[in-house]
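Quick notes on the structure that follows.
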Amino acid sequence: MLNGEHGESVPRTVAHPLTYSIYLRVPELLELQIPLKVPGVHDEMLFIIVQQVQELWFKQILHEMHDAIGLISRNELLEAVRLITRINRIMEILGDEVDLLATMPPQQFQHFRHVLETASGFESHQFRELEMASGLSDPTFLKLIEKHMDVDAMRARWPQTLHDAFLEHLRWIDADPAAAVVRIYNDPQRYAAMYTLTEALSEYEVLFSQWRFHHIKVVERTLGDRALGTAGTGGAGYLGRTLGYRFFPELWEARNRLAAGAASHA
């Protein structure tokens, strides 16, 4: 038997051998898109599918990140980079998928927005877990999400974050994490594996910020820049502030120091 999520077996009998549809549970999957607006609004289906697909990708990223953290902790850096590179390609896809919602005219969303009541993407447990697993510890972020989810339980699932695992290796190079990154960039041959990991994590940070930016612009295009979010947040204004979040602040401080050092020798 093939095991599904939570140990459930994929339904299969001798009379009905395994098929593509059974393995992927396609009938069940296609039953999950249920627009609520009556009479129907054409673009509500697009809205539901894009959000559901994003949740599936969040699940995959969390799956990859769990193993990547373990690999970094065991000093298997190149294999960790392979998984982080896969995460980065998924982040690119996520940004493109958000842009699909930009094809929805603003009046279309307004026709069904009220059926969402207070439901909001802000409540996505997987997305918030992804931020925390990456290493986000901003006090404002934690204060906001604890109203909607069990932060302690989330922390328990990620006793070590991606940022924590990275810091462990930086401390072998220098007690100051930013100084360690500067040394890596100044001598990439000596620190070849760490250089490759550092670049992969830098790309991840940038792609995550790009996803946020795409999301903000879609919200502005659909709702304008002053409407409140359905969960009571500041809408596009709140989302704009999230662009300042950093998972790996030492990566950017190192770049500041490298730039300052180059300027002083110019």
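For reference, positions follow the sequence shown, starting with 1. Side chains are part of it too, since the values below use all heavy atoms of this structure and drop only hydrogens, waters and symmetry mates.
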Taken to the nearest 0.5 Å, the spacing of E131 CD from D138 CG works out to 10.0 Å
*Are Y185 and V206 co-members of a hydrophobic cluster defined by side-chain heavy atoms under 4.5 Å apart?*
yes
**Message:** Would you say NE2 of H214 has more than 12 non-hydrogen atoms from neighbouring residues, nucleotides or ligands within 6.0 angstrom?
**Reply:** yes
Practice item. Give a yes or no answer on whether the side chain of E55 reaches the backbone of Q126 with a donor-acceptor pair at less than 3.5 Å. Key: no
Side chain to side chain donor-acceptor pair (under 3.5 Å) with H163: of R246, E168, E250, only one passes, and it is E250
Next on the checklist: Heavy-atom count check: over 12 atoms from other residues, nucleotides or ligands less than 6.0 Å from L100 CG?
Outcome noted: yes
So CZ of R74 and CD1 of I69: to nearest 0.5 Å the spacing works out to 11.5 Å
Is I48 reachable from V219 through a run of I, L, V, M, F, W or Y residues, each pair having side-chain heavy atoms under 4.5 Å apart?
-> no
Correct closest heavy-atom pair for E129 and R157 would be OE1-NH2, 3.0 Å
Problem set entry | Contact check, side chains of F127 and W211, non-hydrogen atoms, under 4.5 Å | yes
Salt bridge (Lys or Arg N to Asp or Glu O under 4.0 Å) pairs touching residues 192-208, sequence neighbours excluded, are R89-E203, E199-R255
Heavy atoms of L251 and S202 approach each other most closely as CD1-OG, 3.5 Å
### Query
Are M45 and I34 connected in a single hydrophobic cluster, I mean Ile/Leu/Val/Met/Phe/Trp/Tyr linked by side-chain heavy atoms less than 4.5 Å apart?
no
Practice item. Under the side-chain contact (heavy atoms from CB on, under 4.5 Å) rule, what do V151 and M132 come out as? Steps first, then yes or no, please. Key: CA-CA 9 Å; V151 174; M132 181 172 286; 3.6 Å; yes
Contacts of K147 meeting side chain to side chain contact (heavy atoms under 4.5 Å, CB included) (sequence neighbours excluded), chain-then-number -> none
**Request:** Scan side-chain atoms only and decide if E64 and Q60 contain a donor-acceptor pair under the 3.5 Å cut-off.
**Result:** yes
To the nearest 0.5 Å, atom CD1 of I145 lies from atom CG of D150 at 10.0 Å
Sorted by chain and number, sequence neighbours left out, salt bridge (charged side-chain N to carboxylate O under 4.0 Å, His left out) with R155 holds for D152
Separation between CG (L130) and CE (M91), nearest 0.5 Å, reads 7.0 Å
Run the side-chain donor-acceptor check on residues 171-183: report pairs under 3.5 Å with partners two or more places apart or on a different chain.
{"from": "D174", "atom 1": "OD1", "to": "D176", "atom 2": "N", "distance (Å)": "2.8"}
{"from": "D176", "atom 1": "OD1", "to": "A178", "atom 2": "N", "distance (Å)": "3.1"}
{"from": "D176", "atom 1": "OD2", "to": "R257", "atom 2": "NH1", "distance (Å)": "2.8"}
{"from": "D176", "atom 1": "OD2", "to": "R257", "atom 2": "NH2", "distance (Å)": "3.3"}
{"from": "R183", "atom 1": "NH1", "to": "I173", "atom 2": "O", "distance (Å)": "2.5"}
{"from": "R183", "atom 1": "NH2", "to": "Y191", "atom 2": "OH", "distance (Å)": "3.3"}

The test is side-chain hydrogen bond (donor to acceptor under 3.5 Å, both in side chains); show your working for D164 and T161 and say whether it passes.
CA-CA 5 Å; D164 292 335; T161 68; 3.1 Å; yes
| request: For residues D43 and T103, determine if any side-chain heavy atom of one lies less than 4.5 Å from a side-chain heavy atom of the other. | output: no
dist L207:CG -> I93:CD1 (nearest 0.5 Å) comes out at 11.0 Å
Just say parallel, tilted or perpendicular for the rings of F208 and Y204, cut-offs at 30° and 60°. perpendicular
Residues A200 and V81: closest non-hydrogen pair is CB-CG1, 4.3 Å
When every non-hydrogen atom of M149 is compared with those of S124, the smallest separation belongs to CE-O, 4.4 Å
**Study point:** Pair N75-H169, side-chain contact (heavy atoms from CB on, under 4.5 Å): steps then yes or no
**Key:** CA-CA 8 Å; N75 202 30; H169 281 271; 3.0 Å; yes
Could you state whether V53 and V98 fall into the same hydrophobic cluster, counting links through intermediate Ile, Leu, Val, Met, Phe, Trp or Tyr residues with side-chain heavy atoms under 4.5 angstrom apart?
yes
Please determine whether the number of non-hydrogen atoms from other residues, nucleotides or ligands lying under 6.0 Å from atom CZ of F213 exceeds 12. no
In this structure, CZ of R212 is separated from CG of L94 (nearest 0.5 Å) by 12.5 Å
Q | Sidechain-backbone polar pair: Q33 side chain, I49 backbone, donor-acceptor under 3.5 Å | A | no
Connected to L29, directly or through other members, by ILVMFWY side-chain contacts below 4.5 Å are L32
Joining Ile, Leu, Val, Met, Phe, Trp and Tyr whenever any side-chain heavy atoms lie under 4.5 Å apart, the cluster holding L71 also takes in L83
Between W158 and A133 the two heavy atoms that sit nearest each other are CD2-CB, 3.5 Å
Next item on the list: Report yes if the side chains of L101 and L46 come closer than 4.5 Å at any heavy-atom pair, otherwise no.
Entry: yes
For a 4.5 angstrom cut-off between non-hydrogen side-chain atoms, does L201 reach L162? yes
Count I, L, V, M, F, W, Y as connected when their side-chain heavy atoms are under 4.5 Å apart, and connections chain through other members. Are W252 and F247 then in the same cluster? yes
